[in-house]
Structure formats: C-alpha cells, structure tokens
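Predicted model, so just to flag it, every value in this text is computed and none were measured. Residues: numbered from 1 along the sequence shown. Atoms within a ligand are numbered from 1 in the order they appear, just like the ligands themselves. Note: hydrogens, waters and symmetry copies are ignored here, and every other heavy atom, side chains too, is used.
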Amino acid sequence: MSESNIALLLELLADGAYHSGQALGDALGMSRAAVWKRLQSLAQYGIVVESIKGVGYRIPGGLSPLNAGHIRAGVSDLAQPYIGRLSCFELIDSTNEFLLKEQSQSGDVCLAEQQSTGRGRRGRSWFSPYGKNLYMSVCWYFDQGVSVLDGLSLVVGVLLVESLAELGVSGVRLKWPNDLLVKAEGDNTFVKLGGGLIEVGGDLTGDCKVVIGVGLNVAMSEAVPVGEREKITQPWGDLRREGYAGGRDELVAMFLSKLLPALNNYQEQGFSEYKSRWERVAAYRGESVSIHLQGRVESGVMLGVSESGALLIQKGGDIEVFNGGEVSLRGAANDH
Ligand code: BTN
C-alpha cells in the first residue's frame, strides 16, 4: 500500500467490525466522500469491503497481518538452526520468483500478503488475494543435481497434511503429487485447499537452488465476494470451512518446523521413508482414475506411489509408472 492513509484505513478496519463513514473520516481527518474513495481503492488490492447503508463498512473476517517475529518464535527448537532470512511482503509478484532471483541461502523464507502474478503448476496462475491466505516459499540448495529431488514435491504435500492435522484439521487428502484436497460441501467430490510448486535454478546436474512454494487457502471465502467466486477456475475450499480458527503465523511456524529438518535430511534419506506417509493420506487410492497426459487420457486404478514417488496405476494385469510434471490425475467423481 503506497498511501499512508490507506494503511491507516486498513488498521481501522482490521477488527472486522462495522465502522461508519463518519467515524472513519474523523479518525483519518477527511470527509466521508474521501473515505469512500479510499474504500473503493481497496478493491484494486483485492480487499473485499462490505457495506450496509446507515451502518458502515467492514472487512469480513478482519485482517491479521503476517508477523515475522511471531513466526520465527513459533518454529520448533529442532528447526531453529535451519531458518534463515524471513521476508514478509505486503505485495510481491511471486514469492517463488523473489527467492529464485535473489541471492538467497538455504533456509530463507519469503511470505506475502498478496501476489500479483502468483503461479501454480502446469503454467496456471495462482489466485492470491490480499491478507487471507498463505503464499510462502522456502529456498534450499542441493549439491547432487535435480535427479535427487524426485519425490520432494510429495514430501512437501505430506508435511503440509501432517502440519494441518497437528493443528486440528483432519481429513485433508493428497492428489498426486501434492495437491491438497478436502471434501466439497454436500457431495462426495473433492475441492482444492492448496498445493505446492517446486522450481529449480542453478546447475541442474550439480549445485542447484530449489525453491519450494506453497499456496494454502486459509480464508478464501472472506476474500472473494459471493458473485465473483466462479472466477477461480478450480473448485476450492479453505481452512475456515474445515473449522480452523487459528492464525496464519501458527500455520507457517508449524510447517517450517517440519519442512526445514526434512530438507536438511532429504539428500541423504530420499523419499522412501515418506512413501507410506504419502499413501496413508492419498485421495483416490484403490479407485478408478483418469490420467491426462499431453493429448491423451489413460485410465486405471490408483495403487499408490513407488519408492521414488512416481505414481503407480494398475491397468488390467499391468502396473504402469507415471513420473512428474505432465500427468494430471482426476478421480472419477471429480472429472471436471
Ligand atoms: C499448484 O498449482 O497447486 C501449486 C500452487 C503454488 C502456489 C504458491 S503461492 C506461493 C508460491 N509463489 C508462487 O508464485 N507460487 C507458489
């Protein structure tokens, strides 16, 4: 936010309660018309403001900004030695892009309240409205090339699901490799809660810089007005609907407490210890699925994953192995 009175306006509305135009104007030293203009400009930052005639304005659910100090203090003793620079931006193009282009070190973390060009897997964009969800990236260096990293994106998914379970959100499932899914309201389909995007820089056969990006819908429903929800291309859920009442700082601290020690051990240990943990929380296991490869669709029964994290699909009497990137998996009930 460039203008200081916009920042002040946000502070006043952060409690989520209704404030009259008059009260806001008095606090900001401006007319009600000027307040209204500032409120309109919040929309361009993706901030939803509700109004009731004769009552006033509010930000549904309020705002609770990310706090780097709280996050750092919440990280476990085991993970403390690995945490590096923790940057929190109000607005950034993409937290992944920031760590990729900066001189980042292993353990550096980037968070943002909002991303202007957040990116998802398979070239999709990642809808990143202000102040309600989690957009976070972590940098780590590996010195044996990218091939060692097979399975890392599944590890990220496992650690996210386990972090959420520890914070009381059970029932989150993983769609290969690391889409976080929850059951939709009222039917048996899944909707997306979040996902991970791993990007690599440097020497792909030797010293490489890996950026692990995570997007998690915390209170998406408060960030998108009811009439605009269809704009998000994939069916989505959020943690509030799953009963999570906690803050984003706690979520980040819990996830970093698990991720950083795991990254430290990953090059030596690899994926195999995560195989059963991934399968335990897999969506569609034992069910018919279709796999969308470039230009063709294959179907079979989802068995689980291999020791390196590849997807195992039974087709008749054969087991087929599908590796990263180009595969998209959809359960029969979710074929949209
Ligand atoms: C997916 O498509 O499921 C992965 C989404 C990953 C989004 C996160 S948000 C933080 C980080 N920065 C980005 O630009 N993308 C990732």
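- Hydrophobic clustering (side-chain heavy atoms under 4.5 Å, transitive across Ile, Leu, Val, Met, Phe, Trp, Tyr) groups Val158 together with Val305.
- Checking Tyr130, Phe98, Tyr135 one by one against Phe89, the ring-ring contact (aromatic ring centres under 6.0 Å, His included) holds for a single residue, Phe98.
- Lys209 and Glu199 are not joined by a salt bridge, as no carboxylate oxygen comes within less than 4.0 angstrom of a charged side-chain nitrogen.
- The pair Glu279-Arg285 counts as a salt bridge, with a side-chain nitrogen and a carboxylate oxygen less than 4.0 angstrom apart.
- Protein residues having at least one heavy atom under 4.0 Å from any atom of ligand 1 are Ser94, Thr95, Asn96, Gln115, Gly118, Arg119, Gly120, Arg121, Trp126, Tyr135, Met136, Ser137, Asp179, Lys192, Gly195, Gly196, Leu197, Gly213, Val214, Gly215, listed by chain and number.
- With hydrogens and angles left out, the side-chain atoms of Asn96 and Ser137 include a donor and acceptor closer than 3.5 Å.
- In this structure, Tyr266 and Tyr274 have tilted ring planes: the angle between them lies in the 30° to 60° band.
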